[in-house]
Protein chains: 2
Amino acid sequence: MNRKATALDVAKRAGVSRSAVSLVLNGRGDGNVAKESQDRIRQAAKELNYSPNAIALSLRNQRSRVIGILSDEVVVSPFDGNIIGGADDIARSRGFVTLVMDTERDTARDASAIETLLDRQVDGLMYVTVGLKPIEIPQGMLRIPSVLANCYDEHPQPQLHHVIPDEITGGREATEHLLQWGHRDIALLAGSVDSPAAPLRVQGYRDAHALAGVPFRDERVFMAGWDIDAGYHGAMKLLDGVSPADRPTAIMCANDRLAVGVALAAARLGLSVPRDLSIMGYDDEARIADTMVPALTTMALPLREIGRAAMTTLLDTIEGGEGTTAARTMETMVPCRLVVRESTGPAPH
Amino acid sequence: MNRKATALDVAKRAGVSRSAVSLVLNGRGDGNVAKESQDRIRQAAKELNYSPNAIALSLRNQRSRVIGILSDEVVVSPFDGNIIGGADDIARSRGFVTLVMDTERDTARDASAIETLLDRQVDGLMYVTVGLKPIEIPQGMLRIPSVLANCYDEHPQPQLHHVIPDEITGGREATEHLLQWGHRDIALLAGSVDSPAAPLRVQGYRDAHALAGVPFRDERVFMAGWDIDAGYHGAMKLLDGVSPADRPTAIMCANDRLAVGVALAAARLGLSVPRDLSIMGYDDEARIADTMVPALTTMALPLREIGRAAMTTLLDTIEGGEGTTAARTMETMVPCRLVVRESTGPAPH
DNA sequence: TTGAAAGCGGTACCAC
DNA sequence: GTGGTACCGCTTTCAA
């Protein structure tokens with residue numbers, strides 16, 4: 001537990017002043033410090049295993065190279081962690097560190113968490129949520145460069161840039177995949193009303209039908225929820241005791257867990273997937289969609305890309321000067337990606 | 001984006017010196033500063049919305065009240081986030097902040113992550129993993145108070161305290177639950193060999209049989225893996241085309257995802273759960289075990305408790321002085337908790 | 001009871 | 001080319 005070497009230690013060992021050490025180690029040695037002094041300094045630094053104290057740097061420079069990430073429950077919940085992963089990729093590659101705080105969905109903690117982060121001199125702030133949702137922007141976020149990932153400001157005049165997935169196109173392309181297999185009666189288990197993602201995916205579902213000239217029935221769309229049991233019971237309602245002619249030939253789900261429930265129901269009813277019924281997931285949840293039997297065809301949420309895009313925007317405004325901030329567009333939409341596996345196939349006739 | 005108030009601003013406004021401000025706001029005013037000055041200072045601080053700059057504090061005090069948490073993939077993966085949640089609970093309640101870094105399973109990044117954390121003057125370090133596993137302790141962790149959560153040092157003379165779940169008892173109690181329902185032929189899908197948790201749970205399974213005087217057969221134990229497909233195929237091997245007399249009446253799984261696969265297989269085979277087959281999970285994964293149909297009986301991993309216990313130990317050594325460090329026990333085992341739901345029931349006869 | 005000053009570890013400006 | 005010094009914001013000791 002011995003103390004770390006300081007710049008002064010290096011200076012002494014190299015027989016020079018602290019300022020010389022600072023100059024050399026920051027690449028401003030040439031033209032200011034004699035070559036041989038430079039060598040001695042670098043040598044001494046290496047020997048002492050010197051690295052500058054980040055705290056002192058922050059205090060001096062008023063910049064910490066730390067980005068604060070505030071999440072509603074990304075750390076604690078099983079979902080969307082890759083947004084932070086992607087954000088961290090970019091941050092590290094540009095010499096920043098991310099400091100993550102999770103409020104576990106207690107928005108009352110937002111303000112104080114932001115305050116803590118601000119007290120630590122973070123250079124920028126990112127708010128990340130599990131699932132697309134509108135948020136109330138905590139006061140403090142407007143005081144330094146900030147960005148929203150997977151969430152957005154509902155106010156008429158949004159003040160922060162946000163990065164979100166393109167759910168409408170996602171819903172549309174998922175539906176189109178099913179239409180291309182010849183399905184003409186596609187049910188949709190659409191999540192729950194309190195999520196803004198649900199209606200967007202429904203919108204995409206409608207668009208796909210309209211574009212393809214295939215009529216669709218509103219009663220085929222269910223606001224079911226997001227979990228296995230919801231998928232199970234939704235599918236039972238659609239399939240159990242219904243004659244093959246009246247059954248949907250495909251069920252599209254607003255996430256992979258619903259799809260698991262649907263598959264379970266199909267199995268109980270003796271229906272084979274995808275021969276008798278095609279099942280489409282959404283999210284491409286790791287170790288669920290890819291390990292289901294059969295593996296789920298699904299619409300992958302671009303989590304890493306969202307994180308990367310959000311962090312890139314943020315660091316650009318931090319490093320690029322404040323000049324054109326106002327002129328920037330306030331929204332980035334990242335496309336979802338269709339992942340075709342084995343749970344979808346040609347429509348039975 | 002206007003600058004924050006400093007202690008000097010407060011001092012000016014209250015018409016006193018900076019030192020007075022410092023004394024009063026740190027509760028050392030009485031006996032040093034006049035009562036009315038104290039009031040004016042507190043008043044001014046409130047008006048300016050003053051809070052001390054954490055960076056300056058760290059530099060000055062050589063303590064940051066930040067705990068660095070290094071995880072292999074807790075943030076990014078869907079698992080075990082609640083360890084961090086529990087750790088954060090305790091940290092916050094004791095006036096600390098946690099700084100989380102996730103290496104995404106790249107142990108080559110461990111050392112530099114620790115270095116970064118150390119440069120930021122963290123007062124303590126916690127290493128957290130997804131799933132119980134042995135780790136190589138990164139050098140830097142020995143330089144300041146540190147603790148391991150859900151992982152441990154394999155070396156003969158462990159240098160760091162670790163907190164882990166009691167997997168043997170967990171495996172035993174899960175098995176006992178099944179034995180109590182009258183099951184006498186219990187198969188075990190035991191995860192994979194590369195996880196130290198798997199053999200421990202098998203051990204518990206054996207212990208339960210031995211204690212109950214029920215013979216068991218080694219060929220009923222399969223190192224299957226951890227995912228849905230593994231559970232599915234494992235169950236198929238055990239059940240498909242096997243006469244009821246030769247079938248296990250219960251399948252115990254090393255996690256809930258395996259249990260989902262087993263349930264899926266049972267459904268395909270027309271077996272009713274729990275009437276024809278009892279299924280036992282492990283982990284009590286949120287929104288999987290509780291939302292399965294039927295809901296899974298499972299052995300809950302004490303994730304929050306692990307995080308809380310680890311953070312408590314760590315903060316105790318940081319705040320409690322170094323005195324008795326050496327005398328402390330180096331291991332804390334946290335019991336798992338049986339959660340009875342609907343996937344288990346009396347053995348058929 | 002109060003204020004001045006040193007110092008935490010750096011950086012950067014300015015004499016020399 | 002080099003070293004001295006002020007300053008970032010705060011705490012703490014010491015003298016007035």
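Everything numeric in this text was worked out from a predicted model, so none of it was measured. Here is how names work: the chains are called A, B, and so on, in the same order as the sequence lines, proteins then strands, and each is numbered from 1.
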Intermediate values then yes/no, side-chain hydrogen bond (donor to acceptor under 3.5 Å, both in side chains), B:T332 and B:H161: CA-CA 8 Å; B:T332 303; B:H161 188 106; 2.7 Å; yes
- request: Quick one: label B:A7 by what it contacts on the DNA or RNA (base, sugar-phosphate, nothing), any heavy atom closer than 4.0 Å.
  value: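 Sugar-phosphate, backbone atoms only, no base.
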query: Is A:V16 touching bases, backbone alone, or none of the nucleic acid, heavy atoms closer than 4.0 Å?
result: sugar-phosphate
To the nearest angstrom, how far is [X] atom [atom1] from [N] atom [atom2]?
{"X": "B:K12", "N": "D:dG9", "atom1": "NZ", "atom2": "P", "value": "11 Å"}
{"X": "B:N26", "N": "D:dT13", "atom1": "CG", "atom2": "P", "value": "13 Å"}
{"X": "A:R28", "N": "C:dC13", "atom1": "CZ", "atom2": "C1'", "value": "11 Å"}
{"X": "B:R63", "N": "D:dC10", "atom1": "CZ", "atom2": "P", "value": "16 Å"}
{"X": "B:L23", "N": "C:dG3", "atom1": "CG", "atom2": "P", "value": "11 Å"}
{"X": "A:L8", "N": "C:dG7", "atom1": "CG", "atom2": "C1'", "value": "12 Å"}
{"X": "A:D9", "N": "C:dG9", "atom1": "CG", "atom2": "P", "value": "9 Å"}
{"X": "B:K4", "N": "D:dC8", "atom1": "NZ", "atom2": "C1'", "value": "14 Å"}

Residue among B:L303, B:V74, B:D88, B:V163 satisfying side chain to side chain contact (heavy atoms under 4.5 Å, CB included) with B:I83: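 When side chain to side chain contact (heavy atoms under 4.5 Å, CB included) is applied between B:I83 and each of B:L303, B:V74, B:D88, B:V163, only B:L303 qualifies.
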message: Go nucleotide by nucleotide along DNA chain C from the 5' end; which of A:S22 and B:A34 gets its closest nucleotide reached first?
response: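 Result of the comparison: B:A34.
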message: Any donor-acceptor pair, under 3.5 Å, between the side chain of A:R18 and the base of C:dG10, if you only look at N and O atoms?
response: yes
- line: Distance col, row A:D110:CG vs A:I135:CD1, nearest 0.5 angstrom, shows 7.5 Å
- request: Using a cut-off of strictly less than 4.0 Å between a heavy atom of the residue and any atom of DNA chain D, enumerate the qualifying residues of residues 38-60 of chain A by number.
  value: A:L59, A:R60
message: Between A:S51 and B:D119, is the side-chain hydrogen bond (donor to acceptor under 3.5 Å, both in side chains) condition met? List the steps.
response: CA-CA 8 Å; A:S51 70; B:D119 282 345; 3.1 Å; yes
task: Kindly indicate whether the side chain of B:N53, heavy atoms from C-beta on, has any atom under 4.5 Å from the side chain of B:K4.
output: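 Sidechains of B:K4 and B:N53: no contact.
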- prompt: Under 4.0 Å between a side-chain N or O of B:Q62 and OP1 or OP2 of C:dG7?
  reply: no
query: Does A:N61 place a side-chain N or O at less than 4.0 Å from the phosphate oxygens OP1/OP2 of C:dG10?
result: no
- prompt: Taking atom CD of B:E331 as the centre, does the number of heavy atoms from other residues, nucleotides or ligands within less than 6.0 Å exceed 12?
  reply: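 More than 12 within 6.0 Å, yes.
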task: Evaluate whether atom CD of B:E47 has more than 12 neighbouring non-hydrogen atoms of other residues, nucleotides or ligands under 6.0 angstrom away.
output: yes
field: Smallest separation among heavy atoms of B:M311 and B:T98, with atom names
entry: CE-CG2, 3.8 Å
message: Using every non-hydrogen atom in the two residues, find where B:R13 and B:A44 come nearest and quote the distance to one decimal.
response: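 Looks like CD-CB, 3.7 Å.
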Residues within residues 116-125 of chain B bordering DNA chain C, heavy-atom distance below 4.0 Å: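 The stretch gives none, as no residue of it lies under 4.0 Å from the strand.
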- prompt: Side chain of A:S19: nearest nucleotide among D:dG4, D:dT2, C:dG10?
  reply: D:dG4
Stepwise salt bridge (charged side-chain N to carboxylate O under 4.0 Å, His left out) check, B:D72 with B:K133: CA-CA 11 Å; B:D72 62 342; B:K133 65 183 62 154; 2.9 Å; yes
